Q: 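To start, I am sharing the structure in question, which I have written as structure tokens.
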Amino acid sequence: SLPRSDDDAQAIGSSDAVQLFIERARLRRPDFALGERTSPVVAEICNRLDGMPLALELAAAQLELMTVEKIAERLDDRFRLLTGGSRTALPRQQTLRALIDWSYGLLHPLEATLFARLSVLAGGWTLEAAEVVGAGGALTREQVLDPMASLVQKSLVVIDEQDDRYHMLHSIRHYALERLHDLGEEAEVRGRIEECGCFFQSS
């Protein structure tokens, strides 16, 4: 569970994500405690990392070097910040980037292409929007459904069954935007946004 940003320190501290962060933080700084000053910052960190256990563990490990405020400030460059996992873990589990790299490396080329293109859709999207934004080149609108389903099965795309919309976790989307930039298709794909009436953001 994730904390609400407007909760008090006690309510924030009851969140599963925050409890995991505190537990890992105390392995690095035994005196670490959640207070009125630090609780909203820790809540921000947990929410921006979508409660991903590996990401929270790696973020907490940075407390040897910096304050929680500094960790929160540097999350925009999360793949550089979140390194230094357990040396006994598998290589793909030692950093957040390595973990997502490993998952991305298992994708079929059409899945990888769709994954990158969907990153321009901030705030969630419908299947129809995915067909507009995702299609192009070897991937037609009619072919989008199968790789989309595969991305959901691999947890790289999340479906909200209540409103039948899809989204990516923040860290996943950040990574997918980098892959879109590598493909050199960013301007072209963003140009399709108006056709499906969606909004996007560059961060």
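Residues: numbered from 1 along the sequence shown. Note that this is a predicted model, so its numbers are computed, not measured.
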Q: Hey, any chance Leu183 and Val132 share a hydrophobic cluster, counting ILVMFWY side chains that come within less than 4.5 Å of each other, even indirectly?
A: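 Cluster IDs for Leu183 and Val132 differ.
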
Q: May I ask you to decide if Ile12's main-chain N or O and Asp7's side chain share a donor-acceptor pair within less than 3.5 Å?
A: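 Here the side-chain-to-backbone pair does not exist.
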
Q: Assess whether side-chain contact (heavy atoms from CB on, under 4.5 Å) is satisfied between Val152 and Val158, documenting all intermediate values.
A: CA-CA 6 Å; Val152 171; Val158 179; over 6 Å; no

Q: Check side chain to side chain donor-acceptor pair (under 3.5 Å) between Gln143 and all other residues, then give those that pass, not counting sequence neighbours.
A: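 Result, side chain to side chain donor-acceptor pair (under 3.5 Å) vs Gln143: Thr140.
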
Q: Any sub-3.5 Å donor-acceptor pair from Arg24's side-chain atoms to Ala60's backbone N or O?
A: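 Flag not set: sc Arg24 to bb Ala60 has no pair under 3.5 Å.
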
Q: Measure across Ala116 and Leu180 and return the closest heavy-atom pair with its distance rounded to 0.1 Å.
A: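 Result for this residue pair: O-CB, 3.6 Å.
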
Q: Give the minimum heavy-atom separation between Gln19 and Ser14, together with the two atoms involved.
A: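 Smallest heavy-atom distance, with atoms named: NE2-O, 3.2 Å.
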
Q: Identify the two heavy atoms, one from Ala33 and one from Arg26, that lie closest to each other, and give their separation to 0.1 Å.
A: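 Distance-wise, the nearest heavy atoms are CA-NH2, 4.1 Å.
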
Q: Residues in side chain to side chain donor-acceptor pair (under 3.5 Å) with Arg165, at least two apart?
A: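 So Arg165 forms no side chain to side chain donor-acceptor pair (under 3.5 Å) with any residue.
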
Q: If we only count heavy atoms from C-beta on, is the Leu121 to Ile193 side-chain gap below 4.5 Å?
A: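 Yes, their side chains come closer than 4.5 Å.
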
Q: When rounded to the nearest 0.5 angstrom, what distance separates NE2 in His170 from CG in Leu75?
A: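 His170 NE2 to Leu75 CG: 11.0 Å, rounded to 0.5 Å.
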
Q: Kindly say whether Met52 contributes a backbone atom to a donor-acceptor pair with the side chain of Asp50 at under 3.5 angstrom?
A: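 Here the side-chain-to-backbone pair does not exist.
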
Q: Can you sort out the partners of Asp163 under side chain to side chain donor-acceptor pair (under 3.5 Å), two or more places apart, ordered by chain and number?
A: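 With neighbours one apart ignored, the set is empty.
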
Q: Nearest 0.5 angstrom please: Ile172 CD1 to Lys154 NZ, how far?
A: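 Taking CD1 in Ile172 and NZ in Lys154, the distance rounds to 13.5 Å.
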
Q: State, to 0.1 Å, how close Ile159 and Tyr166 come at their nearest heavy-atom pair, and which atoms those are.
A: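 The answer is CD1-CE2, 3.7 Å.
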
Q: Using a 4.5 Å cut-off on heavy atoms from C-beta on, say whether the side chain of Leu63 contacts that of Phe32.
A: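 Side chain of Phe32 against side chain of Leu63, heavy atoms only: contact under 4.5 Å found.
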
Q: Please round to the nearest 0.5 Å and tell me the distance separating atom CD of Glu131 and atom CG of Leu139.
A: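 The CG atom of Leu139 is 10.0 Å from CD of Glu131, to the nearest 0.5 Å.
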
Q: Could you go step by step and tell me if Leu156 and Leu107 meet the side-chain contact (heavy atoms from CB on, under 4.5 Å) rule?
A: CA-CA 10 Å; Leu156 292 172; Leu107 298 180; 3.9 Å; yes

Q: Should Leu2 and Leu49 be regarded as members of a common hydrophobic cluster, given that ILVMFWY residues are connected when their side-chain heavy atoms come within less than 4.5 Å of each other, either directly or indirectly?
A: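 No: no chain of side-chain contacts under 4.5 Å links Leu2 to Leu49.
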
Q: So does Ser1 get a backbone contact from the side chain of Ser15, meaning a donor-acceptor N/O pair under 3.5 Å?
A: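 Looks like yes, one N/O pair under 3.5 Å.
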
Q: Under the ring-ring contact (aromatic ring centres under 6.0 Å, His included) test, which residues partner Tyr104, sequence neighbours left out?
A: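 Partners of Tyr104 by the ring-ring contact (aromatic ring centres under 6.0 Å, His included) criterion, ordered by chain and then number, come out as Phe115, Tyr175.
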
Q: Please check this pair: side chain of Asn47 against backbone of Pro3, looking for a donor-acceptor N/O pair closer than 3.5 Å.
A: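 A pair under 3.5 Å: yes.
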
Q: Please check if Leu110 and Val120 belong to a single hydrophobic cluster, counting links between Ile, Leu, Val, Met, Phe, Trp and Tyr side chain heavy atoms closer than 4.5 Å.
A: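 Yes, same cluster.
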
Q: State whether the side chain of Arg173 and the backbone N or O of Ser119 hold a donor-acceptor pair below 3.5 Å, judged by distance alone.
A: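 Yes, the answer is positive, given that a donor and an acceptor are paired below the 3.5 Å cut-off.
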
Q: Checking His167 against Val157 for the side-chain contact (heavy atoms from CB on, under 4.5 Å) test, could you report, in this order, the C-alpha distance in whole Å, the side-chain angles of both residues, the deciding distance, and whether it holds?
A: CA-CA 6 Å; His167 69 275; Val157 167; over 6 Å; no

Q: Grab the two heavy atoms, one from Arg97 and one from Arg179, that are nearest each other, plus how far apart they are.
A: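 The answer is NH1-NH1, 4.1 Å.
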
Q: Can you give me the closest heavy-atom contact between Ala59 and Ile45, atom names plus distance?
A: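 What the structure gives for the nearest pair is CB-CG2, 4.3 Å.
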
Q: Under the side chain to side chain donor-acceptor pair (under 3.5 Å) test, which residues partner Asp6, sequence neighbours left out?
A: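 Arg4.
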
Q: Would Leu118 and Met148 count as a side-chain contact (heavy atoms from CB on, under 4.5 Å) here? Give the steps.
A: CA-CA 10 Å; Leu118 292 174; Met148 180 81 161; 3.8 Å; yes

Q: Is there any side-chain hydrogen bond (donor to acceptor under 3.5 Å, both in side chains) pair reaching into residues 109-118, and which pairs are they, with sequence neighbours excluded?
A: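 For residues 109-118, and leaving out neighbouring residues, the side-chain hydrogen bond (donor to acceptor under 3.5 Å, both in side chains) pairs sorted by first residue read Glu111-Ser150, Arg117-Glu185.
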
Q: Roughly how far, to the nearest 0.5 Å, is OG1 of Thr38 from CD1 of Ile22?
A: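 It comes to 8.0 Å.
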
Q: Closer than 3.5 angstrom, by distance alone: can the side chain of Ser39 be matched with the main-chain N or O of Leu34 as a donor-acceptor pair?
A: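 Side chain of Ser39 to backbone of Leu34: no pair is present.
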
